[in-house]
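Report on the following structure.
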Number of protein chains: 2
Amino acid sequence: MPPPPPTPPLQQTIYVGPFVFSESSTELDVCPHGAIGVATTGTISFIDRDVPAELNNADGARWKAEKGTEWEDARMLVAEEGEFFFPGFVDTHIHASQYPNAGIFGKSTLMDWLDTYTFPLEASFADLATARRVYARVVARTLAHGTTTAAYHATIHVAATNLLADICVERGQRALVGRVCMDTLSPEYYRDESVEAAVRDSRACIAHVRQLDPRGELVTPVITPRFAPSCTTPCLRALGELHQETGAWCQTHISENAGEMAMVRELFPDSADYASVYDEAGLLTPKTILAHAVHLSEAERKLVKRRKAKVSHCPASNTALTSGCARVRELWDAGITVGLGTDVSGGYSASVLEAARQAIMVSRHVAMTEGDGAKLSTEEVLYLATRGGAKVVGLEDKIGAFKVGMQWDAQLVGLGEVAKGEEGKIGEDGPVDVFGWEQWEERVAKWLYNGDDRNTKAVWVKGRLVHYRPEMEHRN
Amino acid sequence: MPPPPPTPPLQQTIYVGPFVFSESSTELDVCPHGAIGVATTGTISFIDRDVPAELNNADGARWKAEKGTEWEDARMLVAEEGEFFFPGFVDTHIHASQYPNAGIFGKSTLMDWLDTYTFPLEASFADLATARRVYARVVARTLAHGTTTAAYHATIHVAATNLLADICVERGQRALVGRVCMDTLSPEYYRDESVEAAVRDSRACIAHVRQLDPRGELVTPVITPRFAPSCTTPCLRALGELHQETGAWCQTHISENAGEMAMVRELFPDSADYASVYDEAGLLTPKTILAHAVHLSEAERKLVKRRKAKVSHCPASNTALTSGCARVRELWDAGITVGLGTDVSGGYSASVLEAARQAIMVSRHVAMTEGDGAKLSTEEVLYLATRGGAKVVGLEDKIGAFKVGMQWDAQLVGLGEVAKGEEGKIGEDGPVDVFGWEQWEERVAKWLYNGDDRNTKAVWVKGRLVHYRPEMEHRN
């Protein structure tokens, strides 16, 4: 595995410049001249909303002194023109093991996609070298996209899954790491041998992750039944018991596709609906993340709400695999917590920014038939990508926004300025062109619609610098 | 305007390496070890489909000699591992003047979007400095995205429109350049004063472009009634006469949005339908490009087919503005020629690759309700982006594929190789990760779904190098 980028030891740091975050699902808080003081613990100690616009490292001494003696020696990182700080993204559903297949799915739909593309690739993670190569890249790549927290599905392999957790800790990415369980309706070459094996191996991964990070400050285990059709009722129940016993989170899929739903009805004839299958197994709780939820009935929405389970909206995947359009507005109206998932590799992109863009697009497709109320705004999808996701993984008090006491999980975003642009360098600043007359809201919209990892100049998790672009070298 | 990148004088060149292009709408021709000889005229002189895999500048002398004495001194550009040559993209519908608004449209739909965002921006092109700044950037940016041919809508301003043509010639981009005509239902501050003014100013632009490029080898004028609602019947008829008289192409919009269509029914009560409005004005001909065509009736499809008019499919814009889903399969089944348009800034992105991606996504939304037959494949959208577009602008004999006698409008595509990747450099090779086990079709799919301008290493139009990435500096 290539070495992680050099990270200076954690030092008290003041981040100076514009910052933007979701104050609510409909409102961005834009502070054009701010400063955020971050302690060596990674916690935000103070936020100053009105610092002199021209503040820089040289003339900041007096201003720093006003913050108290403990900030006198603090490092300062000052945003350059056009840059702003934004919370890191939360990817609430990503299959780390499927990353090499990103963009490879042809015209398939869910069930044939699993057999053709997914199971053979996942099975190859029995080989640890393969796992290392892929997982190292996934973590590096998602950090580069600004993903500070990811809820990962791995494979059934204990060693490979534990390795993914190791890599997350080493690279400093916050993660839920889940060993996939599947004891039926999966290929002979890739399935749990028995319910006991599924539980035993899940326990092994839970133990490893907890030993790695006893207080769960960065990584935490997550029980991961693939989805109802690939687990027998005894397996689901045993995992439900494990969920209760260990207090580990649970993540799985629900109501993604018509064929899958028909299978669930056939396989679980005694359950009222798909959500009830999980509920009856003890797997529908406030610590459950349900990916997709494209076709939930009203009764299911009510049950999910009652159980306080969370939903991961995966728009790119749902469209790519022709699964359908999940209705975020409907889920919200039912009182359900929603975040965004890239769902690599049903989703073709590991970028949460792309997922946010696709959430906009899908909401417009819903609006075409169901009216304008379905449309999601720029503000709403950026909320989903940050605070919504934070709530989905139970970290809403720690991440997703800039508030005193929360942690510095953040990205420095920079957009290309036409005024500064040299023709020969076009593309180095990313695909966004700012002409200088844009309002803040318009700059953010330009980033959302055309931005990419080139605009994510640096990324921090819990105060630690975990990724930066080459042009940031001299500023670290 | 910043200077164009240095371009060496045209020299006979042999492009050595894999090349890929659309053999038909359903089939990619992939040649893993090819060589394409391009004459100083920019014309493809020979294609060798089976060159030694290890051929390079040093040992190529003998091989070159076999091509004939005139190739002995030819320059060679050899693709590096993972790179391939692909035809340049054709953007059949892009409003160059709206580029600064890319990504800025909020929750608007067509008619309020025009009033709120579009007309004020377009009106500002009365100022030539604004026009120069924007148009220079648009041409540089679209070249960087691999757009070798663009059908541009400019504004009503003669000087600014002529400047756009000048910039295209200077930068070497193939283009149709159109001055927008609109003599009614437009703001007082931004409209043609009279039918005579619309015709006079259109003539002025046609004359300028033809004087600039008498044989129309690079740029050609295009008559551009904005759309039926913003032109009176006398104006449309006068432009129809001008179309016939001058032989200049025509481009406009059709059936994009329900509100617009209702206006057309109200404004043109004597016409059977929207397509007939153009037909009765003499504007529906084999040299007509109709953008959007989201809601064409069967009768209109038959009329468009009978007149051999072309359609520009603008998927990103149609979704972003909630206009609807154009059905490419239905248009094809009706025998209509279709290409892709970015439709900046109704479309948020100036990238035809993004338009191709969105064409896939929109086709899947259609498939959700109308069945799998609607789905477009990777091959089909790449055909739309190249040969389909070439047919739309009447250049199918010259561009869009690699055939002897056609012109070298091409891009060198390179994907990131994980094997080669250094962590610190992640992102420099673009967002695509190739693990080495992918088949050619899968590499192309990865490019389509996750690729961006970083993967477009160099771009040629008519044999001239018109864009290259910094890392190509030493290879030119």
Side-chain angles (χ1 to χ4, degrees), chain A residues 2-5 99-100 102-107 133-134 136-137 140-141 144-145 316 319-322 324-325 348-351 358 360-361 364-365 367-368 372 375 377-378 418 421-428 431-433 435 437-438 442 445-450 452-454 467 469-470, chain B residues 2-5 99-100 102-107 133-134 136-137 140-141 144-145 316 319-322 324-325 348-351 358 360-361 364-365 367-368 372 375 377-378 418 421-428 431-433 435 437-438 442 445-450 452-454 467 469-470:
Chain A
Y99 178 66
I104 301 177
F105 55 90
K107 287 187 178 179
R133 184 161 175 244
V134 173
R137 193 65 170 193
R141 184 59 87 175
H145 282 302
T319 300
L321 297 182
T322 337
C325 296
Y348 49 84
S349 167
S351 158
Q358 292 307 316
I360 292 250
M361 301 301 263
R364 273 148 179 75
H365 281 286
M368 284 177 203
D372 277 0
K375 283 189 194 177
S377 65
T378 299
V418 170
E422 298 160 41
E423 287 287 325
K425 285 187 68 182
I426 202 163
E428 298 316 287
V432 178
D433 280 324
F435 284 79
W437 56 62
E438 295 85 351
E442 295 172 333
K446 283 192 162 192
W447 174 50
L448 171 63
Y449 279 101
N450 281 311
D452 65 29
D453 54 299
R454 281 169 287 189
H467 168 78
R469 301 246 329 137
Chain B
Y99 178 65
I104 302 178
F105 55 91
K107 287 188 179 179
R133 185 160 175 244
V134 173
R137 193 62 170 194
R141 185 58 86 175
H145 282 302
T319 300
L321 297 182
T322 338
C325 296
Y348 48 84
S349 167
S351 158
Q358 292 307 316
I360 292 251
M361 301 301 262
R364 273 147 180 75
H365 282 285
M368 285 176 202
D372 277 0
K375 283 189 193 177
S377 65
T378 299
V418 169
E422 298 160 40
E423 286 289 324
K425 285 187 67 183
I426 202 163
E428 298 316 285
V432 178
D433 281 325
F435 284 79
W437 55 62
E438 295 86 351
E442 295 172 334
K446 282 192 162 192
W447 174 50
L448 171 63
Y449 279 101
N450 281 311
D452 66 27
D453 53 299
R454 281 169 286 188
H467 169 78
R469 301 247 327 139

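Throughout, protein chains are lettered first and strands after them, A, B, ... in sequence-line order, and every chain is numbered starting at 1.
With rounding to the nearest 0.5 Å, the separation of NZ in B:Lys107 from NZ in A:Lys375 is 8.0 Å. Atom CD1 in A:Ile360 sits 10.0 Å away from atom OH in B:Tyr348 (nearest 0.5 Å). From A:Thr322, atom OG1 reaches atom CZ of B:Arg364 across 5.5 Å, with rounding to the nearest 0.5 Å. For the atom pair A:Gln358 CD and B:Met361 CE, the distance stands at 4.0 Å (nearest 0.5 Å). If you take CD1 on B:Ile104 and CD on A:Glu438, they are separated by 5.5 Å, rounding to the nearest 0.5 Å.
Looking at A:Thr378, neither its backbone nor its side chain comes within 4.5 Å of chain B, counting heavy atoms on both sides. Of the two parts of B:Val432, only the backbone, made up of N, CA, C and O, holds a non-hydrogen atom closer than 4.5 Å to a non-hydrogen atom of chain A. Within the 4.5 angstrom heavy-atom criterion, only side-chain atoms of B:Trp437, from C-beta onward, approach chain A.
Side-chain atoms of B:Arg454 and A:Arg454, non-hydrogen and from C-beta on, do get closer than 4.5 Å to each other.
Smallest separation of non-hydrogen atoms from B:Ala445 and A:Gly103: CB-O, 3.5 Å. A:Tyr99 and B:Pro431 make their closest contact through OH-O, 4.1 Å (heavy atoms, listed as atom of the first residue, atom of the second, distance). In plain terms, the two heavy atoms of A:Arg133 and B:Phe435 that are nearest each other are NH2-O, 2.6 Å. The two residues B:Cys325 and A:Met368 have their closest heavy-atom pair at SG-SD, 4.1 Å.
In terms of non-hydrogen atom pairs under 4.5 Å with chain B, the most contact-rich of A:Ala367, A:Ser351, A:Ala350, A:Ser349 is A:Ser349. With respect to chain A, the highest number of heavy-atom pairs below 4.5 Å among B:Gly106, B:Ala316, B:Gly324 belongs to B:Gly324.
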